[in-house]
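This is the structure, below, for whatever I ask next.
These figures come from a predicted structure and were not determined experimentally. Side chains are part of it too, since the values below use all heavy atoms of this structure and drop only hydrogens, waters and symmetry mates.
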Amino acid sequence: DALIKVAKHYRFDGWFINQETEGGNEELANDTIAFLQYIRENSNVEIMWYDAMDIYGDVSYQNQFDNLNSPFLIQSDSSLVSGKERTVTPGANSIFINYMWDQTMLVNSNTYANEIDIFPIKSIFAGIQVNWEGMNIGEYLAEIYNSDNPICSAGLFQMNWTFNEGLNYGQFVKREAEFYGEINNFIKPMSAIRSYPFYTCFNRGQGTGYFVSGKRVSNRQWNDASVQDILPTYRFIDDSVVMHRFNYNDAYQGPCSIEFSSDKPVSRFTHTLYKCNIPFNGDLMMKFAYKIEGTGIFSIMIHYDGYPEEYILEIGDGNWMEYEILNNLRMTATSIGIQVTNCTDHFRFSLGMISIDDILNKKPKKANNARVSSWVNNAMIIKWDADKDAHNYVISGKKNEKGPKHFICSSVRPIRYLNHKEYDDFNAICIETVSQSGKVSIPAVIHLNKECQFITERPITERPITERNIISQ
């Protein structure tokens, strides 16, 4: 029950269960199977089982999917003779096969899975330890995805290899691009964008500052993976002329923009950013925030049912601009990208935001019931009522009523912990709701006065909040 509650509260898909401790027995194995079945029966939380403990409780690493680990995924009360009815009890959704497999083992796993009515592509993941294999990962992927019909799926472990070994940031970015570029050679890209509203500012969940409408409002470094946007389907470019990067020094909204540039002439450069499958069935407003420097023709390219439509952008004066498209087509958008043609010298083309929404959708409502719920040590916890249609919430501080807002952080949940360094300089905390299409509400304000500054010498770790020291507006 606790695992189910935690997964739902923090909104992640599920759990990886690794029972790799020696000394088990058959009773422990049966109890573990019942444990997995309970989660499956009482929630939609995903469970991936690691190929370590077998049905006798031993840690034996089968390196394939077989009758010694299949009961952790599915249990039958009768033999698996073809055509015989049986009662099936599901457990884990998938299994992560230990790393010492070979192609024959994977073929055997595929055959066995089909015999017991398990779809191998969805439920069997052949483990690859990335920190062992590094750039040789293609050799292993080739054994899995050796045709148009893969044997199973791949499970990658220790992806932080691209960051390890003391690399500087530039080397890390280069290795990351090469590594995922190799994966792209084998795995067909899929898209999570199947409806509107759709909104992205290319937020990667980290930054060295924060921007609002093209202006920097914070220089503070931060990291919060929960607030990242849907990133481009095709992020890695194999082009010797055009360079690509996430630019943390200039953005339209959030921590960064996506930038394409070249210091050489370019006759034509086309790049698909997002693969999508969005049915357009009403009056939609599409918005793009962009910045252009250089010569040439710069366009947004959208494919509708496979046919390209080009929207040429005004070059402007080098500042951030918005381009709006009112679209009443009854077609399906299948990709979103950019194009540069007839560049005779150099160019720099940045995108800072993409938004697709029903034209009738309005700004979200102001966050309701914003308050300081408690003080803990030298920090406070703020809460407000959740908005089911919120993309995220932006939390800022103000020194006085007429002064500017100073970005503190962003949150996807209606609760936030603020340490004293984040709020000490402010007399008010502002909470703005950002909709799924990027529209921003008027701020809800929590006013602080001098009496609410926490006294570290107090012997208690929490104190009640009264109207005398907290005023919620």
Side-chain angles (χ1 to χ4, degrees), residues 3-4 7 12-20 24 26-128 140-157 186-188 190 192 194:
L3 294 184
I4 293 170
F12 56 83
D13 293 332
W15 298 92
F16 183 94
I17 305 295
N18 179 6
Q19 170 46 31
E20 205 171 2
E26 191 169 352
E27 180 182 3
L28 175 63
N30 289 331
D31 288 345
T32 303
I33 292 170
F35 168 74
L36 299 175
Q37 291 172 348
Y38 179 89
I39 296 176
R40 186 74 174 271
E41 290 169 1
N42 291 278
S43 73
N44 59 357
V45 173
E46 293 274 332
I47 298 293
M48 176 176 278
W49 175 257
Y50 177 49
D51 168 33
M53 186 172 74
D54 61 27
I55 58 174
Y56 301 109
D58 298 323
V59 176
S60 57
Y61 307 109
Q62 301 307 301
N63 300 300
Q64 64 182 358
F65 184 58
D66 59 22
N67 63 334
L68 292 180
N69 53 31
S70 63
F72 294 100
L73 270 67
I74 191 168
Q75 208 171 27
S76 172
D77 68 354
S78 66
S79 63
L80 298 177
V81 177
S82 178
K84 208 176 229 186
E85 292 186 5
R86 64 185 189 276
T87 300
V88 171
T89 304
N93 303 80
S94 57
I95 185 169
F96 187 100
I97 299 298
N98 190 53
Y99 311 102
M100 301 306 177
W101 51 264
D102 57 33
Q103 194 174 63
T104 299
M105 289 176 165
L106 295 187
V107 171
N108 292 340
S109 299
N110 178 289
T111 301
Y112 180 73
N114 283 307
E115 288 176 355
I116 61 173
D117 299 326
I118 285 181
F119 184 38
I121 305 302
K122 186 177 180 180
S123 298
I124 301 175
F125 292 79
I128 302 174
Y140 295 86
L141 293 175
E143 293 193 51
I144 300 170
Y145 302 94
N146 63 343
S147 67
D148 292 335
N149 298 307
I151 301 173
C152 59
S153 290
L156 307 184
F157 178 62
F186 296 92
I187 301 176
K188 183 179 180 181
M190 304 291 288
R194 300 184 180 93

Heavy-atom pair with the smallest gap, counting every atom of Trp101 and Ile128: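 Minimum heavy-atom contact is CZ2-CG1, 4.1 Å.
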
Quick one: are Ile39 and Leu3 in side-chain contact, heavy atoms under 4.5 Å?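 Ile39 vs Leu3: side chains touch.
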
Is there a side-chain contact between Ser153 and Ile144 (heavy atoms, below 4.5 Å)?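 No, every pair of side-chain atoms sits at 4.5 Å or beyond.
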
Do the side chain of Asn98 and the main chain of Asp51 share a donor and acceptor less than 3.5 angstrom apart?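 No; zero donor-acceptor contacts below 3.5 Å.
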
State, with a plain yes or no, whether a side-chain heavy atom of Met105 is found less than 4.5 Å away from one of Ile97.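 No, too far: nothing below the 4.5 Å cut-off.
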
All side-chain hydrogen bond (donor to acceptor under 3.5 Å, both in side chains) counterparts of Tyr38, not counting sequence neighbours: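 Expected list: Asp1.
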
Residue list, side-chain contact (heavy atoms from CB on, under 4.5 Å) with Asn110, at least two apart or on another chain: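 With neighbours one apart ignored, the set is Asn114, Pro120, Ile151.
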
Taking all non-hydrogen atoms of both residues, which atom of Gly24 and which atom of Asp58 are closest, and how far apart?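 Residues Gly24 and Asp58, closest heavy atoms: O-OD1, 4.3 Å.
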
What are the two closest heavy atoms between Glu26 and Ile55, and how far apart are they?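 Looks like CG-O, 3.7 Å.
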
With a 4.5 Å heavy-atom cut-off, do Leu106 and Ile124 have their side chains touching?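 A side-chain contact under 4.5 Å is absent here.
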
Given side chains that start at C-beta, do those of Phe65 and Asn108 come closer than 4.5 Å, heavy atoms only?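 Heavy-atom side-chain distance check fails, nothing below 4.5 Å.
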
First locate atom CG of Asp66, then atom OG1 of Thr111, and finally report the distance between them rounded to the nearest 0.5 Å.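 It is 12.5 Å, given to the nearest 0.5 Å.
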
Could I get the full list of side-chain contact (heavy atoms from CB on, under 4.5 Å) partners for Asp31, not counting sequence neighbours?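 Here the qualifying residues are Glu27.
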
Mind checking what makes ring pair (Phe, Tyr, Trp, His ring centres under 6.0 Å) contact with Phe12, not counting sequence neighbours?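 By the ring pair (Phe, Tyr, Trp, His ring centres under 6.0 Å) rule, Phe12 matches Trp15.
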
Nearest heavy atoms of Glu143 and Gln103, plus distance in Å: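 In this case the closest contact between Glu143 and Gln103 is O-NE2, 2.9 Å.
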
Listed partners of Tyr140 passing side-chain hydrogen bond (donor to acceptor under 3.5 Å, both in side chains), at least two apart: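 Result, side-chain hydrogen bond (donor to acceptor under 3.5 Å, both in side chains) vs Tyr140: Glu133.
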
By side-chain hydrogen bond (donor to acceptor under 3.5 Å, both in side chains) - contacts of Ser43 (at least two apart):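 In terms of side-chain hydrogen bond (donor to acceptor under 3.5 Å, both in side chains), with neighbours along the sequence ignored, Ser43 is linked to no residue.
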
Over all atoms of both residues, closest heavy-atom pair of Asn69 and Gln64: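 Heavy atoms of Asn69 and Gln64 come nearest at ND2-O, 2.8 Å.
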
Under the side-chain contact (heavy atoms from CB on, under 4.5 Å) rule, what do Tyr56 and Leu68 come out as? Steps first, then yes or no, please. CA-CA 8 Å; Tyr56 301 109; Leu68 292 180; 3.7 Å; yes

At what distance, to the nearest 0.5 angstrom, does CE of Met100 lie from CD of Gln62?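 With rounding to 0.5 Å, CE (Met100) is 14.0 Å from CD (Gln62).
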
What residues form a ring pair (Phe, Tyr, Trp, His ring centres under 6.0 Å) with Phe125, not counting sequence neighbours?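 Scan of Phe125 (ring pair (Phe, Tyr, Trp, His ring centres under 6.0 Å), adjacent residues dropped) gives none.
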
Nearest heavy atoms of Ile33 and Pro71, plus distance in Å: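 In this case the closest contact between Ile33 and Pro71 is CG2-O, 3.7 Å.
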
Tell me if a side-chain donor or acceptor on Ser123 pairs with a main-chain N or O of Asn93 at a distance below 3.5 Å.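 Present.
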
With sequence neighbours excluded, what pairs up with Glu20 under the side-chain contact (heavy atoms from CB on, under 4.5 Å) test?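 Per chain and number, Glu20 pairs via side-chain contact (heavy atoms from CB on, under 4.5 Å) with Asn18, Tyr50, Ala52, Val59, Tyr61.
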
List in chain and number order the residues that pass side-chain contact (heavy atoms from CB on, under 4.5 Å) with Phe157, two or more places apart in sequence or in another chain; answer none if no residue qualifies.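 With neighbours one apart ignored, the set is Phe96, Tyr99, Gln129.
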
Go through the steps for Leu36 and Ile17 under the test side-chain contact (heavy atoms from CB on, under 4.5 Å), then give the verdict. CA-CA 9 Å; Leu36 299 175; Ile17 305 295; 4.1 Å; yes

To the nearest 0.5 angstrom, please state how far the OH atom of Tyr145 sits from the CD1 atom of Ile187.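 Tyr145 atom OH to Ile187 atom CD1 measures 4.0 Å (nearest 0.5 Å).
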
